[in-house]
Amino acid sequence: MLFKNIDIIVLSINKWFPLIENKAKELYNNFKNTNIYLQLIDETEIKFGIGTLRDDLYKLINFYPTGNEVSRPKTIEKQVITNPDCPTYSHYIELTIGPGKTYKFIPVLYSDTPYNNGGLFFEYMNYGMYAIEKDYNTGNYVPKIDPVTKDYIFIDPHDYREYFVKIGENASEDTHPEMIIGASFMDVYNIPTLDLLIKLKQQLS
């Protein structure tokens, strides 16, 4: 297990960027939101080019870095809904959606209709994933086009049991890896005797 409690996040921040440790503690105490920690760590990584905490946490639920910001499929490019907690498209999960069809997928929020007249958010919001592949000319990942249909490959990951096996089934969030890890982090933080549960599981395994 990568972390047992909140202290490891504070220790990581202290190791990488001591100047923001107190601010991070203050923000966490005020908002109880792990995204704040990861965003601060992101700033550290971008500024100094060090640290891999976000990638390490994402790997726990089988999301892996692409190494580049992946563009969105052109068919939904103008209808993508940006989540301020996780605005990047740079981590994928590998899923099998049929015989011989194992692809890398990136999560995306989007509207299925042009956003013209307002309305309730959840009436037009859709969650899905699109397949990506490596462009060997550039070395970057790009949206994959199905060679048969000549269209982008979209799925709803909730339709695939493998998805839940890979991300775990105990989190209240099951969309973007940032949200999954954030919810799991809070579950860990809110269990006062987590070590007991871990030991009990080990005994029963």
Side-chain angles (χ1 to χ4, degrees), residues 2 33-35 38-39 42 52-115 119-187:
L2 186 62
N33 189 335
T34 186
N35 290 335
L38 297 181
Q39 287 164 7
D42 271 357
T52 59
L53 180 59
R54 181 184 294 273
D55 289 346
D56 287 342
L57 292 175
Y58 282 12
K59 286 175 184 176
L60 291 176
I61 53 172
N62 294 287
F63 275 87
Y64 299 92
T66 59
N68 68 281
E69 178 77 3
V70 183
S71 61
R72 269 64 66 202
K74 292 181 180 179
T75 52
I76 63 164
E77 193 170 21
K78 294 183 179 180
Q79 292 162 216
V80 168
I81 300 171
T82 301
N83 184 336
D85 285 334
C86 37
T88 62
Y89 298 81
S90 55
H91 290 80
Y92 70 84
I93 188 170
E94 194 167 86
L95 298 172
T96 298
I97 61 172
K101 295 183 178 181
T102 298
Y103 304 133
K104 297 176 174 65
F105 289 93
I106 283 189
V108 63
L109 292 176
Y110 63 98
S111 170
D112 58 359
T113 59
Y115 182 71
L120 297 177
F121 179 70
F122 290 103
E123 288 181 351
Y124 57 83
M125 187 203 80
N126 284 279
Y127 168 71
M129 289 187 165
Y130 61 96
I132 61 171
E133 63 182 352
K134 181 165 285 190
D135 180 339
Y136 288 98
N137 291 322
T138 64
N140 291 333
Y141 280 96
V142 297
K144 179 180 179 64
I145 294 179
D146 188 298
V148 176
T149 66
K150 307 300 181 183
D151 200 0
Y152 298 104
I153 302 171
F154 287 96
I155 65 165
D156 181 345
H158 300 118
D159 293 336
Y160 299 92
R161 172 68 181 161
E162 181 188 11
Y163 179 66
F164 294 99
V165 171
K166 287 191 169 183
I167 69 169
E169 299 181 76
N170 57 340
S172 57
E173 292 281 351
D174 57 13
T175 54
H176 193 281
E178 183 84 3
M179 309 304 291
I180 299 168
I181 287 295
S184 298
F185 182 94
M186 290 309 300
D187 289 341

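The first residue of the sequence shown is numbered 1, and numbering continues consecutively from there. The figures that follow rest on heavy atoms only: side chains count, while hydrogens, waters and symmetry mates do not.
Summarising the geometry, atom NZ belonging to Lys104 is positioned 14.0 Å from atom CE belonging to Met129; distances are rounded to the nearest 0.5 Å. Atom-to-atom distance recorded for Glu94:CD and Ile132:CD1 is 10.0 Å, nearest 0.5 angstrom. Here Ile61 contributes atom CD1 and Ile93 contributes atom CD1; the two are 7.0 Å apart, rounded to the nearest 0.5 Å. Note that CD of Glu69 and OH of Tyr89 are 8.0 Å apart. Values are rounded to the nearest 0.5 Å. Note that CD1 of Ile167 and CD1 of Ile181 are 10.0 Å apart. Values are rounded to the nearest 0.5 Å. To the nearest 0.5 angstrom, Thr102 atom OG1 is 9.0 Å from Phe105 atom CZ.
The closest donor-acceptor contact from the side chain of Tyr163 to the backbone of Asp174 lies under 3.5 Å. With hydrogens and angles ignored, the 3.5 Å screen pairs a side-chain donor or acceptor of Thr66 with a backbone N or O of Ser90. Formation of a donor-acceptor pair under 3.5 Å by the Gln79 side chain with backbone atoms of Tyr110 is not found in this model.
Ile106 is not listed as a side-chain neighbour of Arg72, based on a closest heavy-atom distance of 4.5 Å or more. At a threshold of 4.5 Å between non-hydrogen side-chain atoms, the residues Pro157 and Glu162 do not count as touching.
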Under 3.5 Å, which donor-acceptor pairs do the side chains of residues 146-156 form with other protein atoms, sequence neighbours left out?
{"residue": "Asp146", "atom": "OD1", "partner": "Val148", "partner atom": "N", "Å": "2.7"}
{"residue": "Asp146", "atom": "OD1", "partner": "Thr149", "partner atom": "N", "Å": "3.1"}
{"residue": "Thr149", "atom": "OG1", "partner": "Asp151", "partner atom": "N", "Å": "3.3"}
{"residue": "Lys150", "atom": "NZ", "partner": "Pro147", "partner atom": "O", "Å": "3.0"}
{"residue": "Asp156", "atom": "OD1", "partner": "His158", "partner atom": "N", "Å": "2.9"}
{"residue": "Asp156", "atom": "OD1", "partner": "His158", "partner atom": "ND1", "Å": "2.9"}

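Aromatic ring pairs are classed by plane angle as parallel below 30°, tilted from 30° to 60° and perpendicular above 60°; the pair Tyr58 and Phe63 is perpendicular.
Between Lys166 and Asn62, the closest heavy-atom pair is O-ND2, 2.8 Å. For Pro143 against Pro73, the heavy-atom pair with the smallest separation is CG-N, 4.0 Å. Taking every heavy atom of both residues into account, His176 and Pro107 meet most closely at CD2-CG, 3.9 Å. Nearest heavy atoms, Tyr160 versus Thr96: CD2-O, 4.0 Å.
Listed by chain and number, the residues in a side-chain contact (heavy atoms from CB on, under 4.5 Å) with Thr175 are Tyr127, Glu173, Met179 (sequence neighbours excluded).
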